[in-house]
Protein chains: 2
Amino acid sequence: MSRNRIVDLAEIRSNCKKCSLFQLCMPMGLDDNDLEKLDKIIKRRRPVEKGDYLYRMGDPFHSVYTIRAGSLKTYTTNQNGQEQIIAFHLPGDLIGLDAIQGEIHTCSAKALETISVCEIPFDRLESLSQKIPGLQHHLLKLMSEELQLEHCHMTILARAPVEARLASFLTQLSERFRARGYSATEFNLSMSRNDIANSLGMAVETISRLLSQFQEHGLLQVERKHVQILDMPALVELSNRCGPNAQNTRDSSHGTA
Amino acid sequence: MSRNRIVDLAEIRSNCKKCSLFQLCMPMGLDDNDLEKLDKIIKRRRPVEKGDYLYRMGDPFHSVYTIRAGSLKTYTTNQNGQEQIIAFHLPGDLIGLDAIQGEIHTCSAKALETISVCEIPFDRLESLSQKIPGLQHHLLKLMSEELQLEHCHMTILARAPVEARLASFLTQLSERFRARGYSATEFNLSMSRNDIANSLGMAVETISRLLSQFQEHGLLQVERKHVQILDMPALVELSNRCGPNAQNTRDSSHGTA
DNA sequence: CAGCCCTCTTGATCCAGATCAAAGGCTGGC
DNA sequence: GCCAGCCTTTGATCTGGATCAAGAGGGCTG
């Protein structure tokens with residue numbers, strides 16, 4: 001199981017200071033002393049296999065997690081057992097902060113592929129951030145950012161036509177890849193069409209149709225999980241157009257507006 | 001303008017310790033010493049009139065606000081000028097924390113009626129919470145709670161049929177009134193039907209029709225802004241049923257399932 | 001007090017996108 | 001290497017809720 005992961009494990013043992021994701025997950029401007037303190041409270045965990053849970057809705061809350069590699073989804077489950085995906089998370093993301101209130105996880109976190117994470121016991125993080133002002137600010141900032149992202153997502157869910165939803169999903173993902181030093185125009189989707197549909201409040205069939213349509217219109221190239229964005233400005237334009245008449249804006253020869 | 005508000009102003013000048021909302025907006029367990037420190041950084045502001053802004057999207061972020069009386073809505077505006085309501089806020093709510101990241105307000109906050117608020121300069125709140133562990137924890141907890149509420153809202157926006165959306169809105173509002181010591185079954189809606197529709201991702205007409213329908217089914221009594229809930233269990237049931245066949249569950253004689 | 005405007009309600013129609021159906025492709029297991 | 005099962009795509013149909021339309025009621029203004 002872990003035989004072919006020895007290299008990963010070795011890498012995982014490296015400390016915060018050497019971690020390439022450090023700038024994403026933790027505050028700039030911590031001095032070496034603070035860094036060491038932080039490093040001490042972090043537990044490196046064994047990789048989590050695809051489909052496994054980092055935590056489940058209802059679990060007691062003890063730790064938050066930063067993703068070192070791979071991606072995962074967080075989702076809630078309602079009375080009828082239907083799941084609703086809240087967000088997808090990429091390397092550098094800090095997850096679990098939504099469970100501080102109530103001290104019970106209100107989402108489940110499931111790996112979309114094999115992932116590795118750092119576990120940070122929350123009580124220790126909290127007392128550490130009591131001592132390190134930059135850390136406290138960083139935590140608040142991260143939660144604030146999460147709120148902003150969700151506001152954006154809510155806006156999309158409430159009003160946007162399907163084209164805008166998918167375009168928005170793709171451009172946002174692209175932006176996040178760019179921020180992590182990956183290509184912004186070419187990437188692999190770690191989530192299924194079903195997951196995309198779920199997170200955007202749509203049907204799988206609609207996702208599939210739209211991807212084909214986007215490809216036809218020359219916005220992107222899609223082959224199974226692999227996506228190459230060809231016309232980013234058009235996609236961005238589409239994603240902003242949450243109003244009426246959100247059709248192809250590039251080729252206006254047969255546009256409706 | 002403020003001539004008929006002298007009494008309010010007097011009340012507003014009272015300090016945190018005497019404030020009836022204190023338990024809602026600030027952490028339990030602060031000792032008198034801490035309380036005084038907190039009290040010192042809080043500015044009491046003149047009432048904000050109905051329709052006025054506490055802050056606007058794009059404004060630089062300096063302060064967070066606790067609502068002392070009245071209610072307001074926060075909303076974002078997209079490229080096309082369409083607004084999307086993020087949330088309604090009641091007395092005791094602390095708002096503005098979503099602007100920490102970026103230090104620019106990403107929502108506008110507009111009074112639904114005349115409100116009074118306490119303004120808390122964020123930098124001072126932050127350094128104070130650096131000294132008072134309970135305060136830091138409280139801030140984190142409040143943001144965590146906000147995240148949870150938004151997850152819930154997102155779930156509703158993504159999937160729920162209109163009956164569930166409205167039922168959920170009403171039961172949540174009821175719950176919040178109860179938490180503030182008001183009646184959970186009889187209250188006035190400070191927001192217009194339009195605002196309700198907007199926040200739930202629906203059309204005004206649908207809100208209107210559903211309210212009539214709920215009334216016909218004996219779930220509630222509604223007269224303009226005034227609402228009296230008659231069958232809370234049924235409403236709760238409706239609101240949980242985010243799945244298919246979310247019709248009247250009480251009278252199963254003509255149910256579809 | 002009349003008039004206007006704005007919010008709300010109710011009815012009729014329409015359509016975006018869900019659902020139903022069915023046929024490929026991959027992928028993982030044996 | 002082959003089979004089973006899932007994921008994805010594409011087409012056909014259906015429907016929930018939006019949109020369009022038209023009053024009705026309330027409240028603010030002059």
Side-chain angles (χ1 to χ4, degrees), chain A residues 1 4 49-51 73 82 84 112-114 156-167 169 188-216 220-227 238 241-248 256, chain B residues 49-51 73 82 84 112-114 156-167 169 188-216 220-227 238 241-248 256:
Chain A
M1 185 192 288
N4 57 344
E49 301 291 330
K50 174 174 178 172
K73 62 177 176 183
Q82 291 183 306
Q84 175 58 45
L112 293 170
E113 56 202 318
T114 302
I156 284 164
L157 288 174
R159 297 253 156 249
V162 288
E163 295 86 359
R165 293 181 196 217
L166 184 56
F169 169 79
N188 286 302
L189 301 169
S190 57
M191 65 296 286
S192 68
R193 302 281 193 272
N194 225 316
D195 282 344
I196 299 174
N198 180 295
S199 80
L200 297 176
M202 298 162 49
V204 204
E205 293 92 330
T206 308
I207 296 290
S208 193
R209 271 185 260 272
L210 279 177
L211 282 175
S212 303
Q213 184 191 308
F214 282 2
Q215 182 160 259
E216 259 173 51
L220 49 73
Q221 195 76 34
V222 58
E223 166 86 35
R224 210 151 167 78
K225 298 285 190 189
H226 183 260
V227 173
L238 253 187
R241 292 275 220 89
C242 296
N245 313 328
Q247 278 266 258
N248 44 349
T256 48
Chain B
E49 302 291 329
K50 174 175 179 173
K73 61 177 175 181
Q82 291 183 307
Q84 175 58 46
L112 292 171
E113 55 202 318
T114 301
I156 284 165
L157 288 174
R159 298 255 156 247
V162 288
E163 295 85 359
R165 293 180 195 219
L166 185 57
F169 168 80
N188 285 303
L189 301 169
S190 55
M191 65 295 287
S192 67
R193 303 281 193 271
N194 225 315
D195 282 345
I196 299 174
N198 180 295
S199 81
L200 297 176
M202 298 163 47
V204 205
E205 293 93 328
T206 309
I207 297 291
S208 194
R209 270 185 260 272
L210 279 176
L211 282 174
S212 304
Q213 184 191 309
F214 282 2
Q215 183 161 258
E216 258 173 51
L220 49 75
Q221 194 77 33
V222 58
E223 166 87 35
R224 208 152 168 76
K225 299 285 191 189
H226 184 259
V227 173
L238 254 187
R241 291 279 217 88
C242 295
N245 313 327
Q247 281 267 256
N248 44 351
T256 47

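All chains are named by letter (A, B, ...) in the order of the sequence lines, taking the proteins before the strands, and each is independently numbered beginning at 1.
- Between the CD atom of B:Gln82 and the P atom of D:dA18 there is a distance of 14 Å, rounded to whole Å.
- If you take CZ on B:Arg224 and CG on B:Leu211, they are separated by 12.5 Å, rounding to the nearest 0.5 Å.
- With values rounded to the nearest 0.5 angstrom, A:Phe169 atom CZ is found 6.0 Å from A:Leu189 atom CG.
- What separates CZ of B:Phe214 from P of C:dT10 is a distance of 14 Å, to the nearest Å.
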Distance-only donor-acceptor pairs under 3.5 Å for side chains of residues 196-204 of chain B, two or more places apart:
residue, atom, partner, partner atom, Å
B:Asn198, OD1, B:Ile85, N, 2.7
B:Asn198, ND2, B:Glu83, O, 2.7
B:Ser199, OG, B:Ile196, O, 3.1

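- Within the 4.5 Å cutoff, no side-chain heavy atoms of A:Val222 are placed close to those of A:Phe214.
- Distance B:Leu166 CG to D:dG16 P: 18 Å, rounded to the nearest Å.
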Applying side chain to side chain contact (heavy atoms under 4.5 Å, CB included) to A:Arg209 and A:Gln213, what does each step give before you reach the verdict? CA-CA 6 Å; A:Arg209 271 185 260 272; A:Gln213 184 191 308; over 6 Å; no

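- Side-chain contact between A:Arg159 and B:Gln84 is present, with at least one heavy-atom pair separated by less than 4.5 Å.
- Atom NZ of A:Lys225 and atom C1' of D:dC7 are 8 Å apart (whole Å).
- Rounded to an integer number of Å, the gap from B:Lys50 NZ to C:dT7 C1' is 11 Å.
- Atom pair B:Asn188:CG and C:dC8:C1' shows a separation of 16 Å (rounding to whole Å applied).
- Computed from coordinates, the B:Arg209 CZ to D:dA22 C1' distance equals 13 Å when rounded to whole Å.
- The distance from the OG1 atom of A:Thr206 to the CD atom of A:Glu163 is 10.0 Å, given to the nearest 0.5 Å.
- Closest to the side chain of A:Val162, out of C:dC8, C:dG17, D:dG17, is C:dG17.
- In this structure, B:Ile207 places its CD1 atom 14 Å from C1' of C:dT7, rounding to the nearest Å.
- The residue B:Ser208 sits close to a base: some heavy atom pair falls under 4.0 Å.
- Residue B:Ile207 holds its CD1 atom at 9.5 Å from CZ of B:Arg165, rounded to the nearest 0.5 Å.
- Other residues, nucleotides and ligands contribute over 12 non-hydrogen atoms within 6.0 Å of the NZ atom of A:Lys225.
- Residues from residues 199-206 of chain B placing a heavy atom under 4.0 Å of any atom in DNA chain D, listed by number, are B:Gly201, B:Met202, B:Ala203, B:Glu205, B:Thr206.
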Readout for nucleotides 25-30 of chain C: B = base within 4.0 Å of protein heavy atom, S = sugar-phosphate only, - = neither; 5' to 3' it is -S----

